[in-house]
Each structure stands twice: as C-alpha cells, then as structure tokens.
Amino acid sequence: MDSLAYRENIGKKLNIGREILYLTREDCMSTGLSTEDIISITRSALEAHGRKKTEMPAKIGIHPLKNTFFHAMPALVPGENACGMKWVECFPENPFRFNLAQTSGLLIFNDMESGFPLAIMDAIWITAKRTPAVSALSARYLADSSAETFGMFGCGVQGREHVRFMPKELKNLKKIYIYDVVPAAMDSLIEEIQPEVDAEIIPAASVEEMVKSCEVLASATAILEKPDPKVRDQWIQKGQTVLICDLDSFWEIETMRRADKFLVDDIGQHRHFDEAGYYPDGMPENIYGETGEVVAGIKAGRERKDELIVASNIGMAVEDVVMARTVLDRALEMGLGVKLPL
Ligand SMILES: NC(=O)c1ccc[n+]([C@@H]2O[C@H](COP(=O)([O-])OP(=O)(O)OC[C@H]3O[C@@H](n4cnc5c(N)ncnc54)[C@H](O)[C@@H]3O)[C@@H](O)[C@H]2O)c1
C-alpha cells in the first residue's frame with residue numbers, strides 16, 4: 001500500500017489533522033503481537049535499513065546526570081509507511097532512586113503525506129520488545145545454528161526479553177546462563193521466564209564462568225560514559241558470538257578489534273557515539289558491515305564455525321517506527337487507546 005492509500009485507510013478511523021490516538025503501554029501490549037510477529041516486524045526494519053531504504057540520522061542526546069541520556073530518534077521507512085520519532089530515556093539509577101524502570105520513552109507517529117501526528121504512544125514496551133528481536137535475528141545469522149548455550153548479562157527488562165526471544169531463533173538451545181549484579185534480578189527472571197522456555201535457565205556464579213560456558217553471549221546492563229568492562233578479552237574464544245546492547249560498557253575493546261567479523265547496527269550512529277567520547281580509545285575501525293545488511297542477505301553472516309563474531313546493536317529508530325506502525329494499525333482496528341484533540 002502506498003503512503004496515500006495508507007493515509008486514506010487511517011483517515012477512516014481517525015480525523016487526521018484534528019485528533020491523535022494516545023496509546024498507553026497497556027494498549028500497546030493489548031494489540032496482541034506475538035514474539036514471532038515482533039521478530040518479523042523487526043526483520044522488515046532491519047532489511048530496509050540494510051538495503052539503504054530508510055532515512056535515519058544518528059540519535060542526538062542530552063545528559064542531565066552522570067551516565068544518563070535522553071535520545072531523539074527520528075526515522076522514516078517509506079516502504080512500511082512508517083515515519084516518526086522516539087524520545088527515549090535511560091536513567092540506570094531509577095530502580096534504586098525512584099523504584100522506576102531504567103528505560104522509558106514516548107513515540108510520536110506521523111502521517112507521511114501531511115506530516116501531521118497520528119499517534120503518541122508509550123515506547124517502553126516497543127523498546128523492550130524490538131531490542132531482543134534484533135539480538136535474536138543477529139544470532140540467527142551470526143551464531144552457529146547448532147548453538148546449545150546462550151548467556152545473558154543483565155537480567156532487567158532487556159535481559160528477561162532476550163531470554164524469551166533468543167530460543168525463537170536459536171532452536172537448539174539447551175542451557176541459558178544468566179548473570180546480574182543484583183541476585184534478586186536473576187531469581188525473578190527465572191520465575192517469570194522459565195515456564196515459557198524449554199532450555200534450562202541457570203544463574204552463573206561469575207562473569208568468567210558464564211563467558212567460558214556459552215557459545216552465544218549478550219549484554220544489556222548500563223551504558224556508561226566511561227566503560228568499565230567486566231569481560232576480559234582473554235576469556236573469549238574463537239567460535240563465540242557476542243551481541244552487545246550496551247555499547248562498549250561491558251566488553252573490552254580488544255574483543256571487538258580482534259573479531260573476525262565486527263558488525264554494528266548503524267555505522268553513522270556508532271561514529272556519533274565515538275565523537276561524543278563514549279569510546280575512550282576510539283571506536284574499532286574493523287567494521288565488517290551493518291546488522292541489516294546481513295539480515296537482508298547483502299553480506300554473509302557466519303561462514304565458519306571458528307569465527308569470532310561481535311555485533312554492537314545499540315538500537316535504531318527504524319525498528320521503533322515500524323513497530324509503531326503495526327501497533328497503531330492494530331489499535332485502530334481493535335478500538336484501543338484514547339483519541340485526543342490536537
Ligand atoms: N541497544 C538497544 O537497542 C537498547 C534498547 C534498550 C535498552 N538498552 C540498554 O540496555 C541496558 C539495559 O536496559 P534495561 O531497560 O534492561 O535496564 P534494567 O535496569 O531493567 O536492567 C539492567 C540490569 O543490568 C544489571 N546490571 C547493571 N550493571 C551490571 C553489571 N556490571 N553486571 C551485571 N549486571 C548488571 C542491573 O542490575 C539490572 O538488573 C541499558 O544499558 C540500556 O541503555 C539498549
């Protein structure tokens with residue numbers, strides 16, 4: 001459907017230019033998108049990005065407190081009629097200071113033809129779901145498909161969803177190791193997710209033990225202005241796959257530099273973080289390609305069992321707006337949300 005036809009369709013349910021649909025987190029969840037749906041939607045965003053069929057400037061940010069950020073994340077994916085911007089925040093101390101989540105945000109979804117906003121929606125749920133979908137798709141192409149072990153560093157919102165999503169793409173997983181500095185976070189992950197996954201979820205005794213036990217590893221801890229890597233490069237072996245959601249905070253830069261394949265989700269965005277000083281020793285320059293290029297089949301994923309592959313997926317607005325389009329479509333169909341006058 002082209003953007004004018006899409007607009008006409010939306011216009012049957014929403015008075016475009018006069019009102020918007022406001023969707024809470026509960027509304028987004030009520031759309032009933034399954035894990036498989038979300039992986040498929042995210043795949044379309046990654047493929048479009050890989051084929052350079054998107055417009056997405058690097059996220060810009062403001063930083064009120066140490067190790068915090070707000071990011072403005074605009075994106076256009078014309079082939080998906082997806083256009084808008086996420087305004088997302090990460091405040092790692094929130095759980096301790098205010099009993100609130102680390103990550104929050106809102107997304108404005110716009111009409112591509114008139115530019116008018118169509119919806120404002122919670123972005124916590126979208127972020128929580130599309131990020132592990134990216135990691136799971138990365139694992140599908142970059143990890144050995146026979147992998148039986150996955151390890152997740154950080155057992156918060158992202159950690160829980162990663163454990164939920166990863167078995168969908170790594171079909172042979174037998175053991176999922178988890179590690180968090182807060183032991184209670186590991187307990188609640190097991191309680192919540194173990195009933196849903198066949199692989200046994202095992203709390204790891206240490207970072208080193210987990211690195212040495214897993215073929216595929218992922219991290220979603222906290223993005224630090226000055227990285228404080230917990231994984232020693234010498235623990236990492238050929239053949240492993242490392243999927244990073246938290247920039248260079250948790251892993252030594254040497255691991256990225258010596259990887260047989262080092263991928264990033266968006267080169268411009270990573271350069272932007274480099275310029276902002278997040279890579280104190282400079283960003284690794286051995287970039288093999290972007291995640292979307294591999295998902296779109298433009299570049300090869302894993303070619304040999306013994307390759308060390310590292311992918312840094314720090315999150316792309318194209319993933320958010322494509323998810324938001326589906327959420328809006330379903331919400332209008334199902335009569336979810338509240339219409340607000342403009
Ligand atoms: N790449 C992306 O697209 C994307 C999207 C959303 C969030 N993130 C990042 O993912 C990270 C986690 O986000 P979240 O919403 O899950 O946060 P969260 O607060 O819900 O969970 C983070 C967990 O990591 C644990 N942790 C912190 N430091 C640790 C360490 N050194 N070792 C082990 N565990 C540690 C915390 O105890 C907590 O349980 C943040 O850095 C955030 O910026 C990335």
Side-chain angles (χ1 to χ4, degrees), residues 1-49 53-57 59 71-89 101 103-134 137 157 161 165 292 315-342:
M1 193 188 300
D2 68 21
S3 54
L4 205 51
Y6 180 71
R7 179 178 202 278
E8 275 166 23
N9 214 24
I10 293 285
K12 290 177 193 154
K13 297 169 198 126
L14 192 74
N15 191 353
I16 300 174
R18 298 277 181 275
E19 61 182 4
I20 57 162
L21 190 66
Y22 175 69
L23 296 169
T24 64
R25 180 162 25 152
E26 195 64 35
D27 293 328
C28 294
M29 291 166 73
S30 300
T31 54
L33 289 170
S34 68
T35 305
E36 288 79 3
D37 293 333
I38 293 164
I39 291 175
S40 161
I41 295 162
T42 306
R43 171 191 279 281
S44 60
L46 287 173
E47 286 181 352
H49 186 262
K53 303 273 191 214
T54 62
E55 183 180 357
M56 188 189 75
K59 32 186 154 182
H71 281 155
M73 300 175 64
L76 171 67
V77 187
E80 300 289 333
N81 295 315
C83 172
M85 188 181 80
K86 183 169 82 168
W87 180 232
V88 67
E89 304 88 48
T103 310
S104 63
L106 284 173
L107 190 146
I108 304 174
F109 190 85
N110 296 76
D111 170 29
M112 271 172 67
E113 290 292 328
S114 68
F116 266 73
L118 300 175
I120 293 182
M121 64 184 78
D122 162 72
I124 296 181
W125 184 79
I126 287 178
T127 305
K129 294 287 180 178
R130 62 61 155 163
T131 311
V134 173
L137 283 164
V157 173
E161 296 297 343
F165 274 67
M316 299 197 290
V318 294
E319 299 147 8
D320 298 307
V321 293
V322 170
M323 275 283 287
R325 220 272 341 273
T326 315
V327 167
L328 171 62
D329 291 349
R330 287 215 179 186
L332 284 172
E333 267 168 40
M334 297 167 76
L336 298 168
V338 176
K339 289 178 180 170
L340 300 173
L342 270 177

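Model, not experiment: these values are computed from the prediction. Excluded from the calculations below are hydrogen atoms, water molecules and symmetry mates; all remaining heavy atoms, backbone and side chain alike, are included.
With a 4.5 Å cut-off on side-chain heavy atoms, Phe109 and Val327 do not count as touching. With a 4.5 Å cut-off on side-chain heavy atoms, Leu46 and Glu319 count as touching. Within the 4.5 Å cutoff, the side chain of Leu76 has heavy atoms near those of the Met112 side chain. Between Thr103 and Val157, every side-chain heavy-atom pair lies at or beyond the 4.5 Å cut-off.
Atom CE of Met29 sits about 11.5 Å away from atom CG of Leu33, to the nearest 0.5 Å. Taken from CE in Met121 to CD1 in Ile126, the straight-line distance is 5.0 Å, to the nearest 0.5 Å. In this structure, the separation between NZ on Lys129 and CD1 on Ile39 is 10.5 Å, given to the nearest 0.5 Å. Rounding to the nearest 0.5 Å places CG of Leu336 at 8.5 Å from OG1 of Thr24. For the atom pair CD1 of Ile120 and CG of Leu107, the computed distance is 9.5 Å after rounding to the nearest 0.5 Å. To the nearest 0.5 Å, atom CH2 of residue Trp125 and atom CZ of residue Arg25 are 11.5 Å apart.
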Donor-acceptor list for residues 7-22 side chains, cut-off 3.5 Å, not counting sequence neighbours:
{"from": "Arg7", "atom 1": "NE", "to": "Asp111", "atom 2": "OD2", "distance (Å)": "2.6"}
{"from": "Glu19", "atom 1": "OE2", "to": "Asn15", "atom 2": "N", "distance (Å)": "2.8"}

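Put simply, the side chain of Arg325 gets close to the backbone of Glu80: a donor and an acceptor are under 3.5 Å apart. Remark: the backbone N or O of Gly315 is paired with a side-chain donor or acceptor of Lys59 at under 3.5 angstrom. With Ser114 contributing its side chain and Phe116 its backbone, the two residues share a donor-acceptor pair below 3.5 Å. Between the side chain of Asn110 and the backbone N or O of Gly115 there is at least one donor-acceptor pair closer than 3.5 Å.
Here salt bridge (Lys or Arg N to Asp or Glu O under 4.0 Å) pairs that include residues 330-342, with residues two or more places apart or in two chains, are Asp37-Arg330.
The two atoms that bring Ala119 and Leu328 nearest to each other are CB-CD1, 3.9 Å, heavy atoms only. Scanning all heavy atoms of the two residues, the minimum distance from Ile108 to Pro117 falls at CG2-CB, 4.1 Å. Across all their heavy atoms, Pro74 and Met85 have their closest contact at N-CG, 3.5 Å. Listed here is the closest heavy atom pair of Ser104 and Val88: O-CG2, 3.2 Å. Taking each heavy atom of Ile38 and Thr42 in turn, the nearest pair found is O-OG1, 2.7 Å. Contact record, Met323 with Arg130: CG-CB, 4.0 Å, taken as the closest heavy-atom pair.
Inspection of the Asp27 and Ser30 side chains reveals no N or O donor paired with an N or O acceptor under 3.5 Å. Donor-acceptor pairing under 3.5 Å is recorded for the side chains of Glu113 and Ser3.
With sequence neighbours excluded, no residue satisfies salt bridge (Lys or Arg N to Asp or Glu O under 4.0 Å) with Asp2. Taking the side chain to side chain contact (heavy atoms under 4.5 Å, CB included) definition, one finds that Glu36 meets it with Ser34, Lys168, sequence neighbours left out. Remark: Thr127 pairs with Lys86 by the side chain to side chain donor-acceptor pair (under 3.5 Å) rule, at least two apart or across chains. Glu89 is linked by a salt bridge (Lys or Arg N to Asp or Glu O under 4.0 Å) to nothing, counting only residues two or more places apart in sequence or in another chain.
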